[in-house]
Amino acid sequence: MQPILSLVLVGLFCVTTCEEYFLPSYIKPCQLDDKNFTKCVKEQIEASLPHFTKGVPELNVPSIDPVKLDDIIIDGNGLTLKFTQAAMHGLSQSQLTDLIVKIGESDEDFKLAFKGNLSLTAKYEVDGRILILPIQGKGDAIVYAQGVEVEINSKLSHVKDKRNHTHFKLITPSYNYTVEKTTFDLKNLFNGNKQLSDTTHQFANENWRQLMDDLAPPAIKQIVRTCVKTINKFFANVPIERMVKGYKEP
Ligand SMILES: *[C@@H]1O[C@H](CO)[C@@H](O)[C@H](O)[C@H]1NC(C)=O
Ligand SMILES: *[C@@H]1O[C@H](CO)[C@@H](O)[C@H](O)[C@H]1NC(C)=O
Ligand SMILES: *[C@@H]1O[C@H](CO)[C@@H](O)[C@H](O)[C@H]1NC(C)=O
Ligand SMILES: *[C@@H]1O[C@H](CO)[C@@H](O)[C@H](O)[C@H]1NC(C)=O
């Protein structure tokens with residue numbers, strides 16, 4: 001066939017079908033009845049995670065590194081701490097630590113766990129005490145959270161699109177997490193008084209769990225929400241049959 005003609009034909013073919021459902025080239029469908037199915041899915045996710053976390057504009061999937069966070073306000077136990085313009089960095093460098101995709105049965109489950117070193121950047125404003133020590137200041141903040149592991153468990157439901165293609169959707173996700181260590185870096189604490197600032201930083205970093213008890217839940221909640229939303233955006237744009245070969249409705 002003439003190269004030009006085949007190009008035109010491929011072009012025509014693509015106008016009618018390729019545009020319908022774009023699948024990034026780094027994703028290869030897995031065969032469902034294959035014993036290696038879970039392994040295949042895991043490899044696919046591992047291979048696509050770095051791309052995926054940077055966003056897939058063709059699939060309307062936004063970047064999740066960084067994840068912009070809503071304001072975080074902690075107010076209680078004599079401490080008022082406010083983070084604004086907050087963003088979480090590092091999801092694209094996270095490692096997949098667990099993945100279970102149970103499909104083709106009546107109860108379809110999805111479990112995903114990842115672990116990484118995340119850092120939160122924000123403008124902070126703090127006033128009050130942490131435990132016994134006074135703390136007061138306002139400026140730029142970086143919170144380094146090391147070894148953050150998040151596990152998301154969800155049911156997979158099916159939704160039909162306008163073209164009668166079936167898509168997965170994560171519903172009623174639940175999650176839990178662990179954090180290995182946290183270091184706080186609050187610039188301009190006590191108006192830049194180095195001695196007071198050093199003492200308070202040392203104390204805060206030694207007692208990081210206390211602070212993270214308040215800080216982590218709203219931050220992780222937003223990260224999980226963003227992850228689930230992103231996965232669902234991907235699912236909404238790629239029918240099951242394009243991702244899983246040999247799939248039959250349970
Ligand atoms: C499944 O995995 C095993 C071990 O990794 C490999 O030897 C085998 O070829 C795989 N089977 C298929 C169908 O890919
Ligand atoms: C996180 O940081 C620690 C200490 O710097 C390092 O040992 C570990 O490999 C890092 N983990 C990841 C997933 O990058
Ligand atoms: C949608 O697809 C299902 C099976 O995949 C089929 O039974 C049904 O008739 C289709 N509906 C329409 C409106 O095409
Ligand atoms: C989440 O909870 C399950 C069940 O209790 C546990 O096995 C798992 O280690 C937890 N994961 C994290 C990241 O804390």
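Given the structure is predicted, the values throughout are model-derived calculations rather than measurements. In listed order, ligands and their atoms are each counted from 1.
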From [atom], is the closest protein heavy-atom distance below 4.0 Å?
atom	value
atom 2 (O) of ligand 2	yes
atom 14 (O) of ligand 2	yes
atom 7 (O) of ligand 4	no

Rounded to the nearest 0.5 Å, how far does CZ of Arg242 lie from CG of Asn237?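 Between atom CG of Asn237 and atom CZ of Arg242 there are 11.5 Å.
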Note to self: Distance check, rounded to the nearest 0.5 Å: Gln136 atom CD versus Thr80 atom OG1?
What the structure shows: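 With rounding to 0.5 Å, CD (Gln136) is 11.5 Å from OG1 (Thr80).
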| message | Let me check something: do Ile142 and Leu81 share a hydrophobic cluster, defined by ILVMFWY side-chain heavy atoms less than 4.5 Å apart, either directly or through other members? | response |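 Shared cluster, no.
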Among all protein heavy atoms, pick out the one at the shortest distance from [atom]; state its residue, atom name and that distance to 0.1 Å.
atom	value
atom 4 (C) of ligand 2	Gln146 NE2, 3.7 Å
atom 12 (C) of ligand 4	Asn176 ND2, 3.6 Å
atom 9 (O) of ligand 2	Asn117 ND2, 4.8 Å

Looking at every non-hydrogen atom in both residues, tell me the closest pair between [X] and [Y] and how far apart they are.
X	Y	result
Phe234	Leu59	CD1-CD1, 3.4 Å
Asn188	Tyr124	C-OH, 3.5 Å
Thr230	Pro62	CG2-O, 4.3 Å

Could you tell me whether Glu151 and ligand 4 have an N or O pair separated by under 3.5 Å?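 Between Glu151 and ligand 4 (N or O atoms, distance only) the closest approach is under 3.5 Å.
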